[in-house]
2 protein chains.
Amino acid sequence: MAPVHHRKEVDESYAKEKEAAFAEFIQRKGLKTTRQRNTIVATFFRMRGHVSVEELLNEVKKANSRIGYATVYRTLHLLVESELVEERRFGDGLARYEGHSDVEHHDHMICLECGEIFEFFNPRLEALQEKLAEENDFKIFRHRLELYGACKDPEACANRKQKRQASAGN
Amino acid sequence: MAPVHHRKEVDESYAKEKEAAFAEFIQRKGLKTTRQRNTIVATFFRMRGHVSVEELLNEVKKANSRIGYATVYRTLHLLVESELVEERRFGDGLARYEGHSDVEHHDHMICLECGEIFEFFNPRLEALQEKLAEENDFKIFRHRLELYGACKDPEACANRKQKRQASAGN
DNA sequence: TGGATTGCGAAAACCGTTTTCAATATCCAC
DNA sequence: GTGGATATTGAAAACGGTTTTCGCAATCCA
Ligand SMILES: [Mn+2]
Ligand SMILES: [Mn+2]
Ligand SMILES: [Zn+2]
Ligand SMILES: [Zn+2]
């Protein structure tokens, strides 16, 4: 099985692929290749989940402690513009970023207890939205659906909560 | 027909009802009745749509120009706490508030061209969300669904856009 | 009606994000 | 390779919506 090893390889090739796509975007736009941007992008695509700017900067600083907020913000904007990354806002006042996974689009359930974010996709839901838009003579460009609530499994939820609070105190 | 007159009466009784409910909430909480809060609440429930703080303050100042932002913000928090009003955020960086209409819950379509906000409610959509939550062992407390796009009727959209830009320059 | 308690408004603080600006790095034409 | 036009960087300041502070004013119960 060796799931950890497998996972690591998958992450690496995924990250490499995204880094290459970003490099191509940079060239296509006539922008310059810089160490800082490369570091930030490489770091980002090796993180999982819905990453805040601060979380990303903390990781980035491990590779190059001189990189500051401004460059991280600027690079994230480029990543969004390149469509390699999407910005999310789950109502806690800060932007979070995620790389597109294989599932192109998905929505989110956010546990207000442990902070876990579950992703889901349902074609019927998507179709129903289209139908409702049609009825209102409306053309959808994009949508956001967020279900706020709580995990039903109290044990798993409590564990995650603990884990999160532990990692919050870096 | 006299739709305007009819509308006015409906709004008045609606506003009066909400004002009374807020007064009751204030007493229940042991807070004091003040002119400023009454003015703000009375003004709010006579406005339609999804009202920003600035829009509300502008209206409020017509009745009492000495009222400032702080009191408007504080009163809106009370209105939300009383559950007479809901806060919305449609991604333009500012909070908007709406009184509960007869339809208790609804979702939104936002035209990115003219800024119009259409409201809708669909029981199948709600049920489907519940089903998906169930499958993920998740209990929904609340949700937000926003469809961003554009009106299909270009004329109506352009008219609304013009109207909005006109009223923006107060 | 006194007086403890709340609420008020102007201004300052807050907080995540964006912009400024002087110094530095990139990279294309030579 | 090198010069030099151009883009990028990082610290710090600015921004914009919201919250908090603080001294004064209003509320309201005994
Ligand atoms: Mn996601
Ligand atoms: Mn609404
Ligand atoms: Zn949970
Ligand atoms: Zn429109």
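Lettering of chains follows the sequences in order, A, B, ..., and the numbering in each one begins at 1. Every value quoted in this text rests on a predicted model; they were computed, and no experiment measured them.
- Heavy-atom distances under 4.0 Å link DNA chain D to no residue of residues 75-97 of chain A.
- Applying the salt bridge (charged side-chain N to carboxylate O under 4.0 Å, His left out) criterion to B:R89, with sequence neighbours excluded, gives B:E87.
- Atom CG of residue A:N58 and atom OG of residue A:S52 lie 8.0 Å apart, to the nearest 0.5 angstrom.
- At distances below 3.5 Å, at least one donor-acceptor pair connects side-chain atoms of A:R164 with backbone N or O atoms of A:C114.
- Under a 4.5 Å side-chain heavy-atom cut-off, the cluster of Ile, Leu, Val, Met, Phe, Trp and Tyr residues that includes A:L112 is completed by A:F90, A:I110, A:I117, A:Y148, B:F141.
- Each of B:I67 and B:G30 lies near DNA chain C, and the nucleotide nearest B:G30 is the one positioned closer to the 5' end.
- At the phosphate of C:dT18, neither OP1 nor OP2 sits under 4.0 Å from any side-chain N or O atom of A:Y73.
- Classification of the A:H108-A:H106 ring pair by plane angle, with boundaries at 30° and 60°, yields perpendicular.
- Regarding A:E55, its CD atom lies at a distance of 12 Å from the P atom of C:dG16, rounded to whole Å.
- Heavy atoms of A:R74 sit under 4.0 angstrom from at least one base atom.
- Contact annotation: the side chain of A:V53 approaches that of A:Y97 to within less than 4.5 Å [non-hydrogen atoms, C-beta and beyond].
- Nearest to the side-chain atoms of B:T71 among the listed nucleotides C:dT17, C:dT19, C:dC8 stands C:dC8.
- Side-chain contact between A:F45 and A:L79 is present, with heavy atoms from C-beta onward closer than 4.5 Å.
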> What string of B, S and - do you get for nucleotides 22-30 of chain C, 5' to 3', when a contact is any protein heavy atom under 4.0 Å?
Replying inline: ---BBS---
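- Bracketed by its first and final contacts, the part of DNA chain D lying under 4.0 Å from non-hydrogen atoms of chain B reaches from D:dG17 to D:dC28 in 5' to 3' order.
- Partners of B:K139 under the salt bridge (charged side-chain N to carboxylate O under 4.0 Å, His left out) rule, at least two apart in sequence or in another chain, do not exist in this structure.
- Criterion: ILVMFWY side-chain heavy atoms under 4.5 Å apart, direct or through other members. Under it, A:L94 and A:M47 are not part of a common hydrophobic cluster.
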> Run the side-chain hydrogen bond (donor to acceptor under 3.5 Å, both in side chains) check on B:H50 and B:E119 step by step: do they pass?
Replying inline: CA-CA 11 Å; B:H50 303 83; B:E119 303 183 333; 2.9 Å; yes
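- Between the side chain of A:R46 and the backbone N or O of A:A42, at least one donor-acceptor pair lies under 3.5 Å.
- Residue contacts for B:R37: at a heavy-atom cut-off of 4.0 Å it reaches the sugar-phosphate backbone alone, with no base atom in range.
- Spacing between atom CD1 of B:I26 and atom P of C:dG7 amounts to 7 Å, rounded to whole angstrom units.
- Residues B:A70 and A:N64 each lie close to DNA chain D; by heavy-atom proximity, the contact nearer the 5' end of the strand is made by A:N64.
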